Amino acid sequence: MMGMMIDVLSKKIKDMKELRQREERRDNKVAQDALDLRYKSLTTQIHSLMAALQYTKENMQFQLSDTILSDLEKLLTEQKAVIRSGFAEKDAINQAETDFKNIQQSIKKEWSKQYLTLTNATISTLQVISGIDSEHVSKCMEGIAKGSVWTSSIGDFKTMDHNLSEAKTLINGLGLDSHIIAFLQKMNNGKATVMDLDDNVLRWLKEESLDKRVKLSFTGGSKKY
């Protein structure tokens with residue numbers, strides 16, 4: 001009787017050990033699957049980042065600082081090290097994810113300066129001519145703004161680049177010079193006067209069929225005629 005109880009107890013202990021091992025394998029697999037998913041996501045984000053950097057460098061003259069280039073090289077090394085054992089390792093992926101976020105923040109700061117350099121003059125001129133072709137200007141402005149904040153989306157930068165080209169084509173087609181731009185600025189601000197309507201401005205207004213759309217008014221005292 002005692003022997004049978006020992007056998008039963010031994011079997012129960014063995015069953016409990018096997019159950020615990022199965023649970024540990026299950027839990028480990030769930031944890032490992034989660035780590036592998038994070039690694040896959042990080043790899044996709046890094047790929048998108050590199051594609052966006054290549055596009056903006058080739059098409060928008062965006063050159064990263066040596067510090068960020070060094071950090072990127074380190075990140076790519078870390079990315080490979082995450083799976084050195086054949087599976088994604090927790091500590092390694094934690095470090096790589098942190099470094100990726102820091103690099104993104106650094107690139108955002110440098111890109112904001114480049115964005116202003118690329119767009120300031122064009123946007124200022126678009127604002128001046130907004131009354132001439134408001135629909136076209138609005139579309140260009142919205143497209144250019146797509147790239148105002150750095151992301152890893154190459155599509156946003158392609159949209160920005162395309163609309164910068166569209167805007168420049170629109171501006172060049174209007175035959176603007178500095179004197180005409182100054183007149184349009186005054187007109188948009190409601191400060192244009194008859195004195196601003198010299199032969200050059202009048203000729204340009206007629207060529208662009210804008211002469212009938214420009215209205216000047218008398219001001220003085222409390223009355224406006």
Side-chain angles (χ1 to χ4, degrees), residues 42 44-79 96-192 196 200-201 204 208 210:
L42 176 64
T44 300
Q45 291 178 73
I46 291 175
H47 177 77
S48 297
L49 172 63
M50 299 305 292
L53 287 173
Q54 182 178 0
Y55 181 86
T56 52
K57 179 181 179 181
E58 292 177 353
N59 297 278
M60 300 179 178
Q61 301 76 51
F62 183 41
Q63 183 63 50
L64 294 174
S65 66
D66 291 340
T67 300
I68 295 181
L69 288 173
S70 177
D71 289 343
L72 274 172
E73 185 176 355
K74 177 188 173 188
L75 175 63
L76 293 175
T77 301
E78 288 176 342
Q79 179 197 10
E97 287 175 337
T98 297
D99 289 344
F100 176 79
K101 290 178 182 177
N102 291 337
I103 288 172
Q104 280 280 60
Q105 289 302 316
S106 297
I107 293 175
K108 281 182 180 180
K109 293 178 181 177
E110 293 197 0
W111 173 251
S112 64
K113 299 174 185 176
Q114 180 69 1
Y115 177 81
L116 291 176
T117 299
L118 290 170
T119 64
N120 252 4
T122 301
I123 289 176
S124 295
T125 306
L126 285 175
Q127 290 171 338
V128 168
I129 65 171
S130 60
I132 297 174
D133 191 345
S134 59
E135 184 176 348
H136 198 172
V137 168
S138 178
K139 182 176 178 296
C140 288
M141 295 275 278
E142 289 175 6
I144 293 171
K146 285 286 187 180
S148 60
V149 177
W150 179 266
T151 68
S152 295
S153 174
I154 193 172
D156 288 341
F157 299 116
K158 287 183 177 181
T159 298
M160 171 187 163
D161 196 26
H162 171 73
N163 281 277
L164 272 174
S165 297
E166 283 280 304
K168 289 173 182 176
T169 299
L170 172 63
I171 292 167
N172 291 337
L174 291 174
L176 302 173
D177 61 26
S178 59
H179 191 67
I180 293 172
I181 289 176
F183 168 75
L184 291 174
Q185 287 174 327
K186 288 183 178 181
M187 191 176 71
N188 286 346
N189 294 327
K191 296 180 180 179
D196 296 307
N200 187 38
V201 171
W204 179 80
E208 297 298 327
L210 298 171

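Predicted model only: the values in this text are computed from it and were never measured.
Distance check, rounded to the nearest 0.5 Å: CE of Met50 to CD1 of Ile46 gives 9.0 Å. Rounding to the nearest 0.5 Å places CG of Leu176 at 6.5 Å from CG of Leu184. For the atom pair CG (Leu75) and CD (Glu97), the distance works out to 10.5 Å, reported to the nearest 0.5 Å. To the nearest 0.5 Å, atom CZ of residue Phe157 and atom CE of residue Met60 are 7.0 Å apart. Remark: Cys140 SG to His162 NE2 distance equals 8.0 Å, nearest 0.5 Å. With values rounded to the nearest 0.5 angstrom, Asp99 atom CG is found 10.5 Å from Ser106 atom OG.
Shown here for Thr122 and Ala167, the closest heavy-atom pair between the two residues is CG2-CB, 3.6 Å. Across all their heavy atoms, Leu126 and Ile144 have their closest contact at CD1-CD1, 4.0 Å. Minimum heavy-atom separation, Gln45 to Ser152: O-OG, 4.2 Å. Pairing each heavy atom of Ala96 with each of Glu78, the nearest pair is CA-OE1, 3.7 Å.
Ser70 places no side-chain N or O within donor-acceptor distance of the main-chain N or O of Thr67, the cut-off being under 3.5 Å. The backbone N or O of Tyr115 sits less than 3.5 Å from a side-chain atom of Thr119, completing a donor-acceptor pair. Counting only distance, with no hydrogens or angles, the side chain of Thr159 and the backbone of Gly155 share a donor-acceptor pair below 3.5 Å. Using modelled atom types, one side-chain atom of Thr56 and one backbone atom of Leu53 make a donor-acceptor pair closer than 3.5 Å. Not a single donor-acceptor pair under 3.5 Å links the side chain of Trp111 to the backbone N or O of Phe62. The backbone N or O of Ile180 sits less than 3.5 Å from a side-chain atom of Asp177, completing a donor-acceptor pair.
Using a 4.5 Å cut-off on side-chain heavy atoms (C-beta onward), Asp133 and Lys139 make no contact. Side-chain contact between Leu72 and Leu49 is present, with at least one heavy-atom pair separated by less than 4.5 Å.
Taking a 6.0 Å sphere around NE2 of His179, one finds it holds more than 12 heavy atoms contributed by other residues, nucleotides or ligands. For Gln61, the CD atom is densely surrounded, since the number of other residues' heavy atoms within 6.0 Å is greater than 12. Around atom CG of Asn172, more than 12 heavy atoms belonging to other residues, nucleotides or ligands sit under 6.0 Å away.
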Chi angles and distances behind the side chain to side chain contact (heavy atoms under 4.5 Å, CB included) call for Lys146, Asn163: CA-CA 10 Å; Lys146 285 286 187 180; Asn163 281 277; over 6 Å; no

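For the 3.5 Å distance criterion, the side chains of Gln114 and Glu110 fail to qualify, holding no donor opposite an acceptor.
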